[in-house]
Amino acid sequence: MRVLAVASEIFPLVKTGGLADVTGALPAALGGQGIAVRTLLPAYPAVRATAKRAKAVHVWPDLLGAPARLISARIADLDLLLLDAPALFDRPGGPYADAKGNPHPDDWRRFAALARAGADIAGGAIAGWQPDLVHAHDWQAAMTPAYMRYAGVTVPSVMTVHNLAFQGQFCATVFAELGLPTAAFSVEGVEYYGDVGFLKAGLQAASAITTVSPTYAAEIATPAHGMGLDGLIRARAADVSGIVNGIDVGVWNPATDPHLAQRFSGPGARTSNQRAIEARFALDRDGAPLLTVISRLTWQKGIDILADLIDPIVAFGAKIAVLGSGDAALEGALLAAAARHHGRVGVVIGYDEPLSHMLQGGADAILVPSRFEPCGLTQLCGLRYGCLPIVAQTGGLADTVIDANAAALQAGVATGFLFHPTGHAPFLAAIERAVAIHADQPTWRAMQKAAMRFDVSWDRSAARYAALYRKLAAV
Ligand code: ADP
């Protein structure tokens with residue numbers, strides 16, 4: 001079976017968050033299910049540079065106002081179709097922002113072009129290769145099913161929501177330039193509260209909708225988490241499902257991880273990693289529980305709550321190592337806390353993949369106090385590395401962590417600490433519980449063993465995607 005994935009990022013080529021991890025890992029996992037995935041991706045400068053000699057498989061003289069070519073390339077074991085449209089994608093900065101961090105004013109055109117290209121490929125633009133199914137990821141790819149629908153392309157499609165907070169909503173004036181029939185500016189089409197909604201259009205047009213955990217799939221059907229789209233999600237309830245993400249257990253393998261000071265296959269041999277973290281974050285070397293945070297520093301992730309609670313957490317005797325970047329005010333609050341609590345709190349502002357491995361391999365617990373979390377990946381890495389997750393009971397966090405309540409401890413299945421609702425007192429209480437159990441090392445070790453046994457690979461989830469694809473495409 002042939003699948004065209006459409007996405008704006010893919011690990012290891014371009015990544016701003018968990019979306020890239022998923023689009024990067026899923027093709028190999030689906031390969032094991034007899035499904036060949038080709039991923040359509042913008043040819044950002046860094047990606048284009050790695051595919052210099054690749055050949056063009058299709059040319060558009062005018063793709064939403066820009067000349068474009070489609071380049072077929074195999075990079076890092078990924079089968080890619082790169083949309084080479086220099087006027088849209090050959091720019092400095094990140095995938096969604098210029099060098100100063102400001103969003104591109106023509107993002108609607110950039111990602112409408114990506115989607116239009118995806119729809120054309122689905123319709124047979126590449127000689128000798130047509131997909132049996134199209135899988136669009138997030139708002140940047142979401143117009144693909146919409147373009148397919150209005151072009152009469154009958155290939156089935158899956159729309160996956162990695163985070164409903166990002167919707168691709170643009171002023172209605174862009175509609176005239178999207179190249180869609182007038183009838184598409186309607187509730188059944190791309191119209192969204194008087195604007196144009198890319199994700200909304202994809203949710204409306206796709207054959208099936210998935211999101212990245214069963215709990216998040218249920219949450220987004222409610223006004224509290226639906227971000228304006230809950231009515232649509234409810235209307236399409238029969239076509240909505242949640243499939244939890246996995247992680248690449250080859251990249252995240254504590255027994256072979258090149259970024260660790262000490263590799264390990266059981267929870268007993270992590271001390272050198274903890275020492276390395278203490279050295280890097282200027283923390284005391286005292287055997288106190290070491291908590292880590294690896295995150296975008298934002299309101300969604302509950303980092304404001306963490307910043308408020310630093311003093312009582314330190315009063316419990318714990319140490320904290322934070323790696324992340326995001327809101328300037330939150331970065332400032334955490335840096336101020338580190339200055340206030342010498343040896344107890346360390347903060348590294350930035351994005352550092354190797355350091356994130358070291359933190360998972362050496363810290364005792366990872367804190368994820370998210371207000372909402374479609375799936376979350378850092379808790380999965382934490383489980384695999386015996387860094388016990390202390391997480392809000394929401395979305396994928398609720399689906400992947402087993403709370404250390406009395407029954408679960410007794411049964412030997414507890415893998416972390418859940419709290420509900422996301423807020424100061426419940427979060428602090430969960431940390432207090434964790435610190436108390438950490439003092440009882442045999443119990444802590446048993447939890448680490450249970451966590452490290454938990455299957456965080458893509459195997460089960462890839463089988464679920466494969467089953468969905470096969471149902472839709474009847475291949
Ligand atoms: P989101 O996609 O909402 O940011 P996820 O938990 O789904 O959150 O995925 C985040 C991914 O990015 C994980 O792989 C995590 O390890 C990584 N990550 C986040 N912040 C950093 C950072 N500062 N340095 C290194 N890796 C990070």
Side-chain angles (χ1 to χ4, degrees), residues 7-26 94-96 137-140 160-166 211-213 215-216 225 227 242-254 257 259 277 280-281 292-303 306 320-327 330-331 334-335 346-363 366-385 387 389-392 394-401 416 422 456 458 461:
S8 56
E9 43 185 283
I10 192 165
F11 182 86
L13 300 180
V14 46
K15 167 170 165 173
T16 70
L19 166 65
D21 291 315
V22 176
T23 57
L26 207 44
Y96 319 119
H137 295 271
D138 272 354
W139 75 261
Q140 293 89 351
T160 293
V161 180
H162 296 264
N163 191 336
L164 201 62
F166 304 107
T211 185
V212 287
S213 69
T215 295
Y216 192 61
H225 289 282
M227 308 232 169
I243 303 177
V244 87
N245 289 333
I247 55 171
D248 186 329
V249 292
V251 172
W252 289 97
N253 182 354
D257 193 328
H259 304 307
I277 297 166
R280 176 72 197 270
F281 287 79
T292 190
V293 174
I294 305 162
S295 183
R296 292 187 285 120
L297 303 178
T298 64
W299 181 88
Q300 181 207 326
K301 301 287 182 181
I303 301 302
L306 172 77
I320 309 172
V322 179
L323 168 63
S325 61
D327 292 353
L330 295 175
E331 291 180 359
L334 292 169
L335 287 167
V347 176
V348 171
I349 299 297
Y351 190 94
D352 189 332
E353 196 91 24
L355 185 56
S356 74
H357 286 240
M358 182 70 88
L359 286 164
Q360 298 279 17
I366 180 160
L367 308 175
V368 194
S370 304
R371 287 190 166 84
F372 64 94
E373 193 61 74
C375 180
L377 295 175
T378 56
Q379 86 281 12
L380 300 180
C381 302
L383 291 169
R384 178 127 169 101
Y385 280 54
C387 180
I390 302 176
V391 302
T394 185
L397 301 171
D399 292 333
T400 55
V401 178
T422 302
V456 292
W458 269 105
S461 300

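Both ligands and their constituent atoms are indexed starting at 1 by order of listing.
The shortest side-chain heavy-atom distance between Met358 and Arg280 does not fall under the 4.5 Å cut-off.
Here's the thing with Trp252: none of its N/O atoms is less than 3.5 angstrom from an N/O atom of ligand 1. Taking any N or O of Asn163, backbone or side chain, none lies under 3.5 Å from an N or O belonging to ligand 1. Looking at ligand 1, you won't find any N or O of Gln300 less than 3.5 Å from one of its N or O atoms. Below 3.5 Å of separation, one finds an N or O of Lys301 facing an N or O of ligand 1. Residue Leu19 places no N or O, backbone or side chain, under 3.5 Å from any N or O of ligand 1. Residue Ile294 has no N or O atom closer than 3.5 Å to an N or O atom of ligand 1.
The nearest protein atom to atom 18 (N) of ligand 1, hydrogens excluded, is given as Tyr351 CE1, 3.6 Å; this is a heavy-atom distance. Nearest protein neighbour of atom 2 (O) of ligand 1, counting heavy atoms only, is Gly18 N, 2.6 Å. Counting only heavy atoms of the protein, atom 24 (N) of ligand 1 lies nearest to Asp352 N, 3.0 Å. Given atom 5 (P) of ligand 1, the protein heavy atom at minimum distance is Leu377 N, 3.7 Å.
Listed for the Thr394 side chain is no donor-acceptor partner under 3.5 Å among the backbone atoms of Phe372. For the pair Asp399 (side chain) and Thr215 (backbone), a donor-acceptor distance under 3.5 Å is present. Side-chain atoms of Glu331 come within 3.5 Å of backbone atoms of Gly326 as a donor-acceptor pair (strictly under, hydrogens ignored). Looking only at distances, a side-chain donor or acceptor of Gln379 sits under 3.5 Å from a matching main-chain atom of Cys375. Under a 3.5 Å cut-off, the side chain of Asn163 and the backbone N or O of Ala165 do form a donor-acceptor pair. In this structure, Asp248 contributes its side chain and Val251 its backbone to a donor-acceptor pair below 3.5 Å. Without hydrogens or angle criteria, Thr160 side chain to Thr211 main chain gives no donor-acceptor distance under 3.5 Å. Here the side chain of Arg384 pairs a donor or acceptor atom with the backbone of Val249 at under 3.5 angstrom.
For His162, the heavy-atom gap to ligand 1 stays at 4.0 angstrom or more. Note on ligand 1: Gly350 sits in its first shell, one or more heavy atoms being nearer than 4.0 Å.
Remark: ligand 1 atoms within the under-4.0 Å shell around heavy atoms of Gly17 are 2 (O). For ligand 1, the atoms sitting less than 4.0 Å from at least one non-hydrogen atom of Thr378 are 6 (O), 15 (C), 16 (O), numbered in the order shown with element in parentheses. Close contacts between ligand 1 and Arg296 involve ligand atoms 1 (P), 3 (O), 4 (O) [criterion: under 4.0 Å to a heavy atom]. Set against the non-hydrogen atoms of Gly324, the atoms of ligand 1 under 4.0 Å away are 23 (N).
Between Ser8 and Tyr96, the side chains place a donor N or O and an acceptor N or O closer than 3.5 Å (distance only, hydrogens not considered).
Of the heavy atoms in Ser295, only backbone atoms (N, CA, C, O) come closer than 4.0 Å to ligand 1. By the criterion of a heavy-atom distance under 4.0 Å, the side chain of Asp21, and not its backbone, is placed next to ligand 1.
Rounding to the nearest 0.5 Å places CD of Glu9 at 9.5 Å from NE2 of His162.
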